Amino acid sequence: MAPAKSAVDSAETPLLGHVGDSTAVKFPSVRYTDKYSGLAPHEIAVLLEQVETPDIKTSFFSAFRFATAKDSFLVSLAVTLAVIEGSIKAIMPIMFGVFAQNFIRYIQSQEFYSYYGGYENFVSSNATFHNISNFDRINFDSKLYFESSDYNSTMIPEYVSPDDFQRQANKDSIYFIYFAIVEFVTSYFATFILNDRGEILAARIRKNYLASIMKQNVAYFDTVGTGEITTRISSDTLTIQDGISEKLGYLISFCSTFVCSFIVGYSLSPRLAGFLTIIAVLIVASLYFVSTRMTTLYRNASNGGSSGGSIIDEMLSSIRNVQAFGIQERLAAKYDYYSAVSQKFAQRAGFYAGSITGLAWLGLYLDDAMVFWQGARFLINGQISLIALVTILPSMVQGLLAITAITPHVRAVAAATSAINKIFTTIDRASAIDSSSQSGLMLPNVEGNIELKNIKFIYPSRPDIIVMQDFNLQIKAGSTVALIGASGSGKSTIVGLIERFYNPVGGQVLLDGVNIKDLNVKWLRQQVGLVSQEPILFSGTIFENVAFGLVGTRHACATEIEKRELVEEACRQANAMSFIDFLPKGLDTHVGERGFLLSGGQKQRIAIARAIVANPKILLLDEATSALDTKSEGVVQDALDRASKNRTTIVIAHRLSTVTNADMIVVMKSGVILEKGTHEELIARRGAYYELVQTQNVQHHVDDQAQTDMDDTPETDFVEAMLDEKVALKEQANERWSKEDERSMLDESKESSQLLLAPSNTGKSISSVVASNFVHHEERRYSVIEIGKFLYELSLPEKNINIAALVCAVIMAAGYPYNSLIYSDGVDALGEYPDVDRMNQRLLKDIILYLIMGAVELIFPILTVGLFTYAGQRLVRRIRLRTLRQIARQDISFFDRSENTAGALTFAISKDSGAIEGLSGVTLGQIVSSLIMIFGGLGVGLVVGPKLAAVTSPCVPLLLAAGFYKFYLLAKHQESIKTEYAKSSSYASEAASSIKTVAALTREDDVVAAYASTLDTLYHSGRRQNSNSAALYGVAQALVYLTQCLMFWYGSNLVRTDGYSVFMFFVCLIAIVNGSQYGSIVFSYAIDMAKAYDAAGNIKRLYDSTPIIDAWSDDGIVPPNVQGNVEFKNVHFRYPTRLNVPVLRGINLSVKRGQHVALVGASGCGKSTTIGLIERFYNPLSGQVLLDGQNISTLNISAYRSHIALVQQEPTLYSGTVRENVKYGSLDPEVSDEKMMDVCKQANIHEFIMSLPDGYDTMCGSKGSLFSGGQKQRIAIARALIRDPKILLLDEATSALDNESEKIVQAALDNAAKGRTTITIAHRLSTIQKADIIYVFENGRVLESGTHQELLANKQKYYELVKLQALEKNAR
C-alpha cells in the first residue's frame, strides 16, 4: 500500500527562500552612540545583521501564506458556506414577519367578527359589505403581504377562517425544515473544512518557523532563548490555529448575518434602514477602535509570556542545579515578573473586549427603539406596511445580536493576528549566514589549507568588546594545530569562525585561498567535523546519532548496512564500541533527550565517532576529551591522533599532554598570539608555553614497565556500560531483567559476607527485591465535577471579583429575556393600528425601556467581561507560577522520565495555562450569559405561555446535549493528542537548544523533516474528531430551526384554539427559541472547554502529586550544628527509571569533617551517583547516607541542602546578570556585593568581570551563552563559594579551565576547602593529589582507598590511572 501523502510537508507547500528571497525589512540607517560607539559604519552593519530582527508588516491574512491552491479553494468554499449559513439567520426574520402579520390579521379578524356573533351573522346583517366574502386566499402568501394596507376600502378587516389560518401556518412552517437542512449542511462543511485546513496551515507555519529558526545564524540565539522558541512554536501557533479555524467561520457567519440583515432592511424600507445604518456605523466605528486597541494589548501580553518561557526552559533543563542550590523560588519569582507583565496587558484588554459586547448590545437596543419610533411614524404615513415593519425589526435584532456574539471570536482573531506578527517576523528574518541558501561556491577538491587574515572579531551580542584585532594565522593542509591559552583568549572563537557561526567585522577566513563568505554555507560545514567541549546528542539511538555525521555527505544515500559499517568503524576508533557492545540493543540503544541517559564520557566518545564517521577534510576538536576518564582519554586520544592523519586538525585543549604531538602549537591570550611552534621548540624558548607545561607538570615519557603492567581488559568499559547511571533505558528493562538479576545475584553472593548484605531467599539480591516492590501507578482521570470543584478552589482568591462579575453577567443576560417582553409588547402594540393614539402610547413606553436597557447593557458587559478577565488573568498567573513551582518541586526521577523533558514541560505550562486562560474572561462571560439566556428564557416562556413553552422547551435539552457531546469528543481528542504535542514540542526545543551542533552537522533539513512528520501524525489523528465535532455543531444549529418549526406550528394551533395573543406567542418565541439559539453559541466554545478540561486535569494531577523528597516539606530534623561528617553504609542504588540495573553495590565510605576526599574511576562507575545521593536527589534502595551520624532521610531536605554547594561538570548559568547568577548561590538573596566580589576573586573571575563594560551587571545570555566554558565554570565556582557551605561537592569543577586558571582556581578551592568537607570527582588526577583520602570506584563498589602516596604504593588501579596520566616521575 502506498504511503499516505504528507499533508504538512506537501510538495505544494511553498519552500523557504534564502536571504535574497526573504521579505524581511532591511535594516534602517541608524546612528548608534552607545555600545556601538567607536565602530565603523560597516562594522556596525555586520554586527546588526547578525542579531537584530527588523519588524515587518503582517496582517491576519499572513496566516494563509503557506496555503496551496487546494487549501485556498477549500478555505474559500468554507467562507462561502459560512456566509450562506449567516445569511439564513438574516432571512429567517422574513418568516417571522409573515407569521406576525398572519397572527395579527387572524386575531383582528376574529375579534372584529366575534363582536357581531361571527362572520356569517355579520355578512347576513351587513349585506352591503358583500365584497368581504371575496377574500382571495391565493394572495394570502403572495406579494400582497408587502402592500401598505391590511384593510379593504371600508376599513373592515378581511375575514380569515381558522382553517385557512392553520393551513397557511402549516405551509409556512415547512420552510423551517428546509432551512434546518441547509443550516446543517453549510455549518457542518464550513466548520469541518476550516478546522481541517486550520490544522494543516498551522502545522505548516510551525514547520516553516522551525525551518527559519534552523537557518538563523548562531548570534541570533545569543539573544533569543530556547524557551521563547518553544513557546512560540507551541503556544503562539496554537493561537494562530485557533484564529483561522472554526472561530473564523463563526466570525464570518455572524458578520454575514449582520450584513444580510441590513440588506433585508434596505429591501423593505430604505428610509428606515438608513436610520438604523447610522447607528450601526457609529457602533462599528467604535468596535474598530476598541478591537485595534485590544489587539495591541494582547500582543504585549503575548510578548511577556514568551520571555517567561525562556526562564522555564533554563530552570527545568538544569533542575539538579536548581534543587541543589534551592533557587526554585527565586527563578519562579523571576518568571512571575514576566507573567505579571502579561497579566497587566491582558487585564486591560479584557475591558476592551467587554466594550465590544457592550457596544453591540447598545446598538441592538438603539435599533429597536429606532424601529418602534420611526417605524410607527412610517406606518401611520403609509410609507411602510405592517409586515415590512415587523420583518425589519427582528432582522435588525438578529444582525445586532450576531455582533454581540462575535466578541470572543474577534478576540481569537485579534490574538492570532498578534501571534502572526511574532511568528512571521522570525520566518521572514534574513539570516546573515543562511545555511538554507543554495548560493555560494562548492570547491571540487578540498585540500584543507586554512588562513585567518587580518581578522577583527566582535561578538554581536557584546559589541563593546573586541575579541580579536588584526589576527593572522596560517594552517597548512593535513597538519594538526593546537590552540592553547586562558579561557576567553579566543580559541573557541576561531572554531566558530571556521564553522562560520559568526562573521568577522574585518578581515577574511580563507579555505584553500577562497574566502569562506563566498562558499556555500552548508557545503562548507559538511567538510568540517566538530566535537564540542559540551557534547550534544539528540533523542534517538546511538546509531542514529553517529549517522547524523553522514548528513549531506556522499554516504548520506548509502544503504542501511553500509551506514552501519561506517558507524561501527567510527565507534571503534572513538573507543565507544567497548561499552556499546555490552548494551542489550547495542547501537540501537536509545540515548534520551540530549543524551541524558549516557555519562559525559560516553557522550563525548559518541560525539567523536559522529565527527569522524564521514572522514571530513577538517577536524575541529574543542576539548574533545575533557569529559573522558584517564584510560578512555588515552585510547581516544590515540584514535584522534590516527584520525588526524591526512586531514587538517585544529585542537583546543587545556590538558597539554594531549597536544604534544601537534605540528604547531599556538599560545593565545586576549585574542593575540603570544608564540607558536612545536612542543620542543616552545619548550626550548622557555616562554608562555613552558610556564604552562610547568604548571601542569606533564611528564612526556612513561615508564615502559608501567605500561606493560596496565590491565587493558574491557572490564572497565563493561562496568561503564552496565553501571553508568545514565546508560540503560526504561525500554530495555524487560530484556535486561533476568540477565542482570542473575549477574547481580552471583556478584553480590560472592561478597555477601564483606557487604553484610546477603541475597534474599528468592535468589535475587536484596536491591532487586526492593526494586521489584515499586509499582507504576496509572494516570488518574478526573470527572467534570471534580475539575469544576478544582477550578473553583483555585479561584477562591478571586471569589469576590467573580461574584461581582457573575452578578453583572446575570444582569447583562437577564436583559435578553426581558427584551422578549418589550419586543413582544411592541409587536402587539403595532396591532393596535389604526388606533394610532393607543399604539403610540404603548410604543413610547417600550422605546423608553429600550433606551434604559441600552445604557444598562453598555455598562454591564464591560464590567462582566472586564471583571472575569481581571480575575481570570490573576488565576492564570497563579496557575503558571504554582505549576512551575510544583514541577520544580518534583523528585529528580520525575525529570529522568522520557516524557518529562524540559521542552515538553515548558510546552505543558504554556499550553495548559493558555487553555485555562482561553476559558476565562470574555469566553467565560459569554458562557455564563448564554446559560442564563437559555434557562431565563425558559422561565419567562413558562410564565407567559405555559402550554407553548411546555411543548417546545424539551427541544432545548436536545440542543444542549448535542453541544455537550461535542465537548466530550473534543476533550477525548485533546487527551489523545497530548503525548504527540509534547513530543513535537520537545523535539523542537531540543533542536533549538543545540543549534550549534545542528548547524555543524547540517541537520537543519533533517530536523525540519522529522518535525513535520510528527505534525502530520497529529493532523491525521485529529481529522475524524474534527468531522464529528463539526457534525454535532451542525446538528445543534439545525435543531434551532426545527424547534422554531415546532414553535410556529404549535403556536398557530394555540392562537387558533386557546386564544393565545401575539404578545404571548412572541414572548415564547423570543425568550425560548431565540434565547436558545443565542445561548447555543456557548457550544461554539466547546473546543475551549475541552482544552480547559484537559488542561485542568493535567494541572490537578500535578498538584495532587507529592514527591518523596519534598523541598516544600517542613518535616524532618533541622540539623542544629553541622560538622560535615559524611558516611555511606552499605549503600545499594538503582535509578527509579531503570530498577533492573544495579548502579551502586554496597558502597562504604567515610568522610570526616574538614577532609578533602576525591572519587576517581572510569566513566559510569557511580561517582556522580554518589554526589547525587549526598545531595539527596535520590534515596538509596538500601543502606544509609549519614551526615554527622544521622541518616539524611530523617533531616529536613531544605535545611540539609543549605549546608551543601555543588559545582557540576557542565556549568549552568541563567539569563540575567553576572551579579544575579553569583548571588543565586547565597542563602541570603540580599548578600552584600563585597562578599560577592570576594568569592569572585577566589574563583579568578573578578578581574575578567570588571573588564567588561557593565561589570557585574553584564548579561549572561540564555544559559550563559555569552561566556566561554571556562568563564561559566569560574562563575559557577564563585556561586558555590558564596554559599559558605559545610560540604563542597566538585564534579569535575575545573575541567573546563585552562592551565593558568586551573592552578589559581585549584588553589582557591584548596583554600576554600579548609574548615569544610570537600568531595571531588576528577579525571585530571593532578587536581586531587593533595586529597586526604582518594576512593577508587569500580563496578559500583569502592575498589581501594587511601592517600595519593599510599595508593601509588599499592600499585593497583589508581597506580594505573596515574601512569596513564604520567603525573609522577617515580611511579614505577
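Note that the structure is a prediction, hence the values are computed from the model and not measured. One-based numbering along the sequence shown.
One distance of note links CD1 of Ile606 with CD1 of Ile536; it measures 13.0 Å at 0.5 Å rounding. We find the CG-CD distance between Leu1351 and Gln1329 to be 12.0 Å, quoted to the nearest 0.5 Å. Atom CG of Leu1290 and atom CG of Leu1159 lie 10.5 Å apart (nearest 0.5 Å). Note that OG of Ser893 is 6.5 Å distant from OH of Tyr1178, once rounded to the nearest 0.5 Å. Atoms CD1 and NE2, on Ile1334 and His1156 in that order, are 8.5 Å from each other to the nearest 0.5 Å. Rounding to the nearest 0.5 Å places CD of Gln1184 at 10.5 Å from CD of Gln1190.
Minimum interatomic distance between Thr1317 and Lys1152 (heavy atoms only, all atoms of both residues): OG1-O, 3.7 Å. Among all heavy-atom pairs drawn from Arg1283 and Ala1205, the shortest one is CD-CB, 3.8 Å. Taking every heavy atom of both residues into account, Asp1110 and Ile1197 meet most closely at O-CG2, 3.1 Å. Among all heavy-atom pairs drawn from Ile319 and Ile892, the shortest one is CG2-CD1, 4.0 Å. Shortest non-hydrogen contact noted between Ser1345 and Ile1333 is CB-CG2, 4.3 Å. In plain terms, the two heavy atoms of Ala1280 and Leu1206 that are nearest each other are CB-O, 4.3 Å.
A salt bridge is defined here as a Lys NZ or Arg NE, NH1 or NH2 lying under 4.0 Å from an Asp or Glu carboxylate O, and Arg1316 with Asp1284 meets this definition. For Asp1332 and Arg1153, the salt-bridge test fails: no basic side-chain N is under 4.0 Å from an acidic carboxylate O.
Around the NZ atom of Lys1223, the shell of radius 6.0 Å holds more than 12 heavy atoms that belong to other residues, nucleotides or ligands. Heavy atoms from other residues, nucleotides or ligands lying under 6.0 Å from NZ of Lys1235 number more than 12. Heavy atoms of other residues, nucleotides or ligands lying less than 6.0 angstrom from CG of Asp1228 number more than 12.
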message = Is there a side chain to side chain contact (heavy atoms under 4.5 Å, CB included) between Thr589 and Phe579? Walk through the geometry before answering.
response = CA-CA 11 Å; Thr589 300; Phe579 74 86; over 6 Å; no
query = Yes or no on side chain to side chain contact (heavy atoms under 4.5 Å, CB included) for Phe895 and Ile887, after CA distance, side-chain angles and deciding distance?
reply = CA-CA 9 Å; Phe895 302 93; Ile887 289 175; 3.8 Å; yes
request  = Mind running side chain to side chain contact (heavy atoms under 4.5 Å, CB included) on Tyr1200 and Val1122 for me, showing each step along the way?
outcome  = CA-CA 9 Å; Tyr1200 168 68; Val1122 174; over 6 Å; no
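Residues Ser1150 and Gln1155 are not in side-chain contact: their nearest non-hydrogen atoms beyond the backbone lie 4.5 Å or more apart. In this structure, Asp1188 and Pro1119 have side chains that are not in contact, with every pair of non-hydrogen atoms separated by 4.5 Å or more. Taking 4.5 Å as the limit, every side-chain heavy atom of Tyr1224 sits out of range of all side-chain heavy atoms of Asn321. Residues Tyr1335 and Lys1167 have side chains not in contact (no heavy-atom distance under 4.5 Å, counting atoms from C-beta outward). In this structure the side chain of Leu1187 reaches within 4.5 angstrom of the side chain of Ile1287, judged on heavy atoms. Leu1173 places a side-chain heavy atom less than 4.5 Å from the side chain of Phe1128. Side chains of Gln328 and Arg889 form no contact here, defined as non-hydrogen atoms less than 4.5 Å apart. Residues Leu1149 and Phe1337 form a side-chain contact, since some pair of their non-hydrogen atoms from C-beta on lies under 4.5 Å apart.
In this structure, Arg1279 forms a cation-pi arrangement with Phe325, its terminal cationic atom sitting closer than 6.0 Å to the ring centre and no more than 45° off the ring axis.
Looking at Glu1344, its side chain does come within 3.5 Å of a backbone N or O of Lys1357 through a donor-acceptor pair. Side-chain atoms of Gln886 come within 3.5 Å of backbone N or O of Leu1102 as a donor-acceptor pair. Checked by atom type and distance alone, the side chain of Asn1196 never pairs as donor or acceptor with a backbone atom of Val1118 at under 3.5 Å. Judged purely by atom type and a 3.5 angstrom limit, Gln890 has no side-chain atom pairing as donor or acceptor with the backbone of Pro1107. Checking side-chain atoms of Arg1201 against main-chain N and O of Arg1176 turns up a donor-acceptor pair under 3.5 Å. When atom types are taken as modelled, the side chain of His1203 and the backbone of Pro1285 share no donor-acceptor pair closer than 3.5 angstrom.
Side-chain N/O atoms of Ser1193 and Asn1191 include a donor and acceptor closer than 3.5 Å. At a cut-off of 3.5 Å, with distance as the only test, a side-chain donor of Asn1130 or Asn1148 sits close to an acceptor on the other residue. For the residue pair Tyr1214 and Ser318, a side-chain donor N or O sits within less than 3.5 Å of a side-chain acceptor on the partner. A side-chain donor from one of Asp1238 and Gln1242 sits under 3.5 Å from a side-chain acceptor of the other.
When the options Thr1320, Ile1174, Val1207, Val1126 are evaluated for a side chain to side chain contact (heavy atoms under 4.5 Å, CB included) with Leu1289, the one that passes is Ile1174.
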